[in-house]
Amino acid sequence: MSLNFAQKNAVKLITGPCLILAGAGSGKTKVIINKIVYLIKYGAYKSHNIAAVTFTNKAAYEMRTRLSKHLNILKTKNINISTFHSLGLKIIKHEIKSLRFHDNFTLFDEKDQISLLKKICNKETKNNITLLKKISFQISFWKNQFYTPEKVKSLAKSAVEKYFSDIYEKYNTCLYELNSLDFDDLICLPTTLLKENKEIKNRWQTKITYLLVDEYQDTNNSQYEFIKELTNTQSNFTLVGDDDQSIYSWRGANPNNIFLLKKDFPNLKIIKMEHNYRSSGRILKAANSLISNNMHSLKKTLFSQLQYGKFIQIIIAENEEKEAEKIAKKIFLQCSKKKLQYQDYAILYRGNYQSRILEKVLIKENIPYNISENSSFFSCVEIKDLLSYLRIIINPNDNAALIRIINIPSRKIGSITLKKIEKYTTKQKKSLFDAINDIELEKIINKKTIKKLKDFIDLIQEFIDLADIAPYKILDKIIHDIEYEKWLYKSLKDPKKIQKSINNIYTLSEWLKNMIQGDELEKPMSLSKIITRMTLRDIVTKNTKKQSDNNKVQLMTLHASKGLEFPTVFMIGMCEGVLPNQKSIHNNNIEEERRLTYVGITRAKKQLFFTYCCKIIQYGKMLYTSPSRFLFELPQEDIKWEKNIFKNNFDR
DNA sequence: GGCATACAGATTTTT
DNA sequence: TCTGTATGCC
């Protein structure tokens, strides 16, 4: 594999802190892979002492797959390639004795968090989902700043702050009582542990002697601290990132972490990779021109040695339907000339809602398409229900799971009964599961209901007793015993929804079957491990799609397109209010929208289209729009606006 | 407890 | 406009 000068430098710098500023399409992954191989072959690093951290399971999986082509199986397996959260989890599991949690803890996802908050808050807050989300965001923010509830409480001035900090304290106490952790804990707990415990820190710094981090621009504060703690003494690390592709600040990512590094590690070496191997010169020029409107502390200019390429076109349509039709026609014409295949096209948009009209038109025009599915799988009711059953089995104290399924399928145990038990448990400091067996309850709940409750507990106990058999068998038994399919028919009614649910359940079951412990042949993974991995969305989506039925136009959000490339890209909805989004205009957060546009542009290899439509329908109301400001930030000499009249009208 | 109706809210979504 | 959720009635 041949590398250019910058890439070689990046690979060969194997001592001390190293930051690689890797522009879009500059061969970032290639460098990471080569570097790991180099570390082992020439750097005297042992494979088991190298850790590579990514943000997504997909990225981790891809990295491992690509590495396996350069290293033998054993070495590839030894390298710790994981997401931030999985690495955090690994440390927590390993150091569980130093933490106050039990080993069989449950992981709370966002929905679990919200339902826990609902329990804690007063009535008005409970019914205000916006406020609940605000509180959950605030708690997450505090955790990521390593502010303990005590600290936040002592600092709180206003009544609102006091109220929020109270909830934070209660929230954390509840999590502890339920033997549960949230996603933030997976990063923050190990970081605090490393900070405060020299022995543990020493253990992990000996274990991980070289650390690589991908998509560094997406780290938030606690992840940055986590990295620092892991690498403190030797500082042998490589962080790879591109500040221009930071598009997750709304999720807490702090692109400034790139510049903080220089301060925290004065001997930091920065290597810029500016040679783009993906896009035509013209596309790259457009990307550079656009992004130069953002503030930069480290300047970087991408260049390409590929052809200058075709003009960038701006398609103008009257409304969204015409916009979609024009795209469909273009794709159809080009494909029927056999120049390109459907799979060579991507249609990118700001929000998922924009795909609806596209889909409608593409179906009408008989153009095959593929919508990259978001991870909604895990938020489907049927999956959450069944996972809750599994969760209860490994951790009966998991009240959230119990509440979810105690009446699914219907057992005539309603909210009134639950409230009674909850009231009782808060006094007794017990979990719901434990409380149900108490004789005391018979004083406040009628006999019939007590019987139902006990039946439920017996049912769960029966499952718990099975814990040693293969997890997928447990799942199958649950589905069978509770007559879950029957329940689906009863509760969903819509046959399409029922079919989808049943398919999802099948997927889940199949997936459990395939979860095999890595180190020992054919040994199924423990249920507890599976549940954790499920919550971490650690689903290995192997690309088993057949090449033949993969020839489809790709539809996805700009966010989802990061890291991908396509010969031809359409960026739709290029109007003020959509891209940049109205809220970003309002909050003066244009730079991130510009980066999003930049990400979109740099996905294109050969041809780039923007589409703009004059009228859009938003929330059922028609809206006249003006073209996105970003269109005017492109080099106009490289662009063909579809109709000049529009250009003149909107030129500024 | 289940159903119908009212009503708010509506980007992006790595774990 | 559409969707998910809260509420109130049976």
Side-chain angles (χ1 to χ4, degrees), chain A residues 53-61 82-89 107-114 118 123 126-130 132-133 137 140 144 181-187 214-215 217-220 222-223 245-253 348-357 372-376 378-379 381 407-418 449 452 490-491 493 532-539 556-563 573 577-587 589 592-593 595-597 599-600 616-623:
Chain A
V53 182
T54 63
F55 274 85
T56 62
N57 294 300
K58 197 177 146 212
Y61 177 75
S82 65
T83 61
F84 268 101
H85 291 83
S86 301
L87 180 60
L89 179 75
L107 266 184
F108 267 39
D109 69 10
E110 266 135 359
K111 283 204 170 150
D112 299 322
Q113 267 180 56
I114 294 286
K118 275 188 184 172
K123 222 177 181 176
K126 205 182 260 181
N127 295 332
N128 186 340
I129 195 74
T130 324
L132 280 171
K133 281 186 179 159
F137 179 84
S140 174
N144 281 306
L181 301 178
D182 62 20
F183 283 136
D184 296 317
D185 290 333
L186 290 183
I187 309 295
D214 193 14
E215 305 282 10
Q217 76 281 355
D218 292 334
T219 49
N220 64 21
S222 59
Q223 285 156 346
Q245 289 186 72
S246 164
I247 52 175
Y248 283 102
S249 71
W250 51 277
R251 261 194 159 240
L348 310 180
Y349 37 80
R350 179 67 237 264
N352 284 310
Y353 65 93
Q354 290 173 278
S355 71
R356 278 195 205 153
I357 296 172
S372 82
E373 293 223 30
N374 41 17
S375 53
S376 56
F378 291 97
S379 40
V381 277
N407 205 29
I408 286 176
S410 174
R411 299 186 178 90
K412 310 262 173 193
I413 302 169
S415 53
I416 294 163
T417 309
L418 263 180
T449 317
K452 290 173 201 153
K490 200 180 155 202
S491 61
K493 295 187 177 92
T532 326
R533 287 188 55 176
M534 289 262 189
T535 320
L536 286 173
R537 307 289 134 95
D538 181 1
I539 191 162
M556 65 188 86
T557 62
L558 287 160
H559 283 89
S561 77
K562 195 167 85 163
V578 176
L579 186 65
N581 182 273
Q582 194 55 48
K583 278 214 174 110
S584 321
I585 298 172
H586 187 76
N587 304 327
N589 194 14
E592 181 137 325
E593 298 290 301
R595 289 194 290 267
L596 207 43
T597 311
V599 166
I616 60 170
I617 290 167
Q618 223 168 26
Y619 310 140
K621 276 189 180 151
M622 195 167 69
L623 214 71

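Please read these numbers as outputs of a predicted model, since none were measured by experiment. Reminder, nothing fancy here: chain letters follow the sequence lines and each chain counts from 1.
Using a 4.0 Å heavy-atom distance criterion, S584(A) is classed as a base contact. E593(A) comes within 4.0 angstrom of a nucleotide base, judged by non-hydrogen atoms across all strands. Base engagement by E110(A) is indicated by at least one non-hydrogen atom pair under 4.0 Å involving a base atom. Within 4.0 Å of D109(A), counting heavy atoms only, lies no atom of the nucleic acid at all.
Other residues, nucleotides and ligands contribute only 12 or fewer heavy atoms inside 6.0 Å of the CZ atom of F137(A).
Computed from coordinates, the R350(A) CZ to dT13(B) C1' distance equals 11 Å when rounded to whole Å. Put simply, CZ on F55(A) is 13 Å from P on dT14(B), counting in whole angstrom units. Look at CZ on F137(A): it is 14 Å from C1' on dT12(B), rounded to the nearest Å. Going from atom CG of L348(A) over to atom C1' of dT12(B) covers 13 Å, rounded to whole Å. Residue F84(A) contributes atom CZ, which lies 13 Å from atom P of dT15(B) at whole-angstrom precision. Atom-to-atom, CG of N57(A) to C1' of dT13(B) comes out at 14 Å; the value is rounded to the nearest Å. Atoms CD1 (I585(A)) and P (dT11(B)) sit 14 Å apart, rounded to a whole Å. Rounded to an integer number of Å, the gap from Q223(A) CD to dT15(B) C1' is 9 Å.
One can find a donor-acceptor pair under 3.5 Å joining the base of dT13(B) and the side-chain atoms of R251(A).
For N352(A), taking side-chain heavy atoms from C-beta onward, the closest of the listed nucleotides dT13(B), dT15(B), dT14(B) is dT13(B). Which of dT15(B), dT12(B), dT11(B) sits closest to the side chain of K583(A) comes down to dT11(B).
At a threshold of 4.5 Å between non-hydrogen side-chain atoms, the residues Q223(A) and H85(A) count as touching.
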Seminar exercise, completed: In 5'-to-3' order, the base (B), backbone-only (S) or no-contact (-) status of each nucleotide in nucleotides 1-7 of chain C, using a 4.0 angstrom heavy-atom cut-off, is B----SS
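Heavy-atom nearest nucleotides on DNA chain B were determined for E592(A) and for T83(A), and the one closer to the 5' end corresponds to E592(A).
Results of the side-chain contact (heavy atoms from CB on, under 4.5 Å) test with F84(A) over T54(A), N220(A), T219(A), D218(A) single out T219(A) as the only residue that passes.
Within the model, atoms CD of E593(A) and CD of Q582(A) stand 10.5 Å from one another, a figure rounded to the nearest 0.5 Å.
In this structure, T557(A) does not reach the dT11(B) phosphate: none of its side-chain N or O atoms is under 4.0 Å from OP1 or OP2.
Residue ring and nucleobase are not stacked for Y248(A) and dT12(B) under a centre distance beneath 5.5 angstrom and an angle between planes beneath 30°.
Judged as a salt bridge (Lys or Arg N to Asp or Glu O under 4.0 Å), and not counting sequence neighbours, the contacts of D109(A) are K384(A), R537(A).
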For this session: Please test K583(A) against E592(A) for salt bridge (Lys or Arg N to Asp or Glu O under 4.0 Å), starting from the C-alpha separation and ending with a verdict.
Result: CA-CA 12 Å; K583(A) 278 214 174 110; E592(A) 181 137 325; over 6 Å; no
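Nucleotides dC2(C) and dT13(B) place their P atoms 22 Å apart, quoted to the nearest Å.
When all heavy atoms of T83(A) and S86(A) are compared, the pair lying nearest together is OG1-OG, 2.9 Å.
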